[in-house]
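In what follows, a structure is listed as structure tokens, so that the remarks can point back to it.
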Amino acid sequence: MENQEIQILLVEDNKSDAALTIRALKKHNLANNLVHLIDGAQAIDFIFGKGEFSSRDPEIKPKVIFLDIKMPKISGLEVLRIIKADERTKRIPVVMMTSSNEERDIMESHQLGVNSYVVKPLGFANFSKTIAELGFYWLAVNNAPRQ
Amino acid sequence: MDKWKNPKLVLVSVNEIDLQNKEKEKRAQELLTANKELVFQNDEKEKRAQELIVANHELVLQNIENEKRAAALTLANADLLRQNAEIKELTLALEAAKQELETAYLEKQRQALVLQAANQELESFSYSVSHDLRAPLRAINGFTEILLEEYIEKLGEDAQYLLGEIIANSKKMGQLIDNLLDFSRLSKQQISFARVDLDLLVRSVTDQLCRLEPEREIQFEFDCPDAGFGDRNMLRQVLVNLVSNALKYTSKKQKTRIQIACHREENNCIFSIRDNGAGFDMMYYDKLFGVFQRLHSSNEFEGTGVGLAIVQKIIAKHGGKVWAQAQVNEGACFYFSLPFSS
């Protein structure tokens, strides 16, 4: 299962947020081949096939990464920096998912080459709609380079 | 023998007498000349004596003068000594003051570091508030909405009402967090000064806010001929907060009347916005601009108590002042001043 095709890589430490995100995606049939990781360190190991994911083929790249910004160990911004600085992974679209519109986070994310920056809406109706639009856009509308 | 009896002898004698007489005459002449000379010399000496007396007098005067001078010099010397002592004292005092200043400077530097640390702490605090307080709210709100949406047939009317309350309150808390963050972000925001056409800004803000309440009949009066000088976005925020307050507190009146004006007063632009709404009790005026302070209950009028605090902070950042006057049920008038040169 580790080397299956992945569509969405969700990196989110908050269980509730992850559950709501996955629920919203499922509701719109966008949660097939979704992988959920709970912190930045796991995300790095997964993307580069290291540590607990050393048997995973890093050539199999997610179509999009939904990355929470505030996580323990390695933050979303650090994960973004590492991904965008590496020739092998810099073309993977990354969507920053955050709770707030902190100007410096928006600034830094774009400086690092983020593909989208989204503030998670408070109400579930809006949240669900936003997540669905994001999933639909990155999985169906956007044309990413062939890997 | 009698010589006079001898003629020869007599002749000789007569000759001699004659000679002697002539000699005497000559002598007398000489004496006369010598006498004249002496008289002259005496005159001369007297003149000299006179001169000496004058000179002496002069010397006495000079002596007195010199003595006076010497006394003055002695005084001046004493003065100099005193001044020297004073200078020494002042130098010591200056040295002490310098030391004190250095200590104060070090203390200031220490305080600046403490402040900087406190600032950093506050910043990470507000960062944490914006992220960590919102996530559980999103969960409360999200799961309640899912429950309401997916299990609605199984829920009684009362349960639906209760879930609706949870959702409304979590949204209100989200609003509170947003407002609190807006307020704390203001402190570090830099002002970019520009000339702002207040009339244009006021009309754009009132248009925008009136569109949110199309059913209301609102009478606006504008009189803003002057331009202000400040940060356009911040001043827009001020106007949005003041106009939406005016709209909010007039919402229970049959007819809403809002007068917006500005005029020049010395080096300030004085802006005013007057409404005929609920007003407030001037007794609680000192709480009016405080953060999270409200003069009306949220059952009466919705609100978080941050709007006017933001107004005051922005105007203070511009070097201006905010004040207000009101009467319960008669309406309120809010003013702010904007200096033309900051």
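So that the names make sense, note that chain A is the first sequence line, chain B the second, and so on, each numbered from 1. The model shown is predicted, which means the values in this text are computed figures rather than measured ones.
- In this structure, CG on Asn141(B) lies 10.0 Å from CZ on Phe124(A), to the nearest 0.5 angstrom.
- Within a 6.0 Å sphere centred on NZ of Lys252(B), other residues, nucleotides and ligands contribute more than 12 heavy atoms.
- Atom CG of residue Asp132(B) and atom OG of residue Ser99(A) lie 8.0 Å apart, to the nearest 0.5 angstrom.
- Contact annotation for Ala19(A): only side-chain heavy atoms (C-beta onward) come within less than 4.5 Å of a heavy atom of chain B.
- Atom NZ of Lys253(B) has more than 12 heavy atoms from other residues, nucleotides or ligands within 6.0 Å.
- For Asp178(B), no part sits under 4.5 Å from any heavy atom of chain A, backbone or side chain.
- Heavy atoms from other residues, nucleotides or ligands lying under 6.0 Å from CZ of Phe183(B) number more than 12.
- Summarising the geometry of Ala135(B) relative to Asn14(A), their closest heavy-atom pair is CB-ND2, 3.5 Å, with the distance given to 0.1 Å.
- In this structure, the portion of Glu150(B) lying under 4.5 Å from any heavy atom of chain A is its side chain and not its backbone.
- Neither the backbone nor the side chain of Thr144(B) comes within contact range of chain A; no heavy atoms are under 4.5 Å apart.
- Between the Glu145(B) side chain and the Gly123(A) main chain, no donor and acceptor come within less than 3.5 Å of each other.
- Between Arg185(B) and Glu103(A), no side-chain nitrogen of the basic residue sits less than 4.0 Å from a carboxylate oxygen of the acidic one, so the salt-bridge criterion is not met.
- In this structure, Glu217(B) places its CD atom where only 12 or fewer heavy-atom neighbours from other residues, nucleotides or ligands lie under 6.0 Å away.
- Contact of Lys120(A) with chain B is made through backbone and side chain together, with heavy-atom distances under 4.5 Å.
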Q. Should Arg138(B) and Ser16(A) be marked as a side chain to side chain donor-acceptor pair (under 3.5 Å) after you check the CA-CA gap, both sets of side-chain angles, and the distance that decides it?
A. CA-CA 9 Å; Arg138(B) 199 166 40 243; Ser16(A) 299; over 6 Å; no
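- Around the CD atom of Gln190(B), the shell of radius 6.0 Å holds no more than 12 heavy atoms that belong to other residues, nucleotides or ligands.
- Within a 6.0 Å sphere centred on CD of Glu121(B), other residues, nucleotides and ligands contribute 12 heavy atoms or fewer.
- Counting heavy-atom neighbours within 6.0 Å of Arg23(A) CZ, excluding the residue itself, gives a total of 12 or less.
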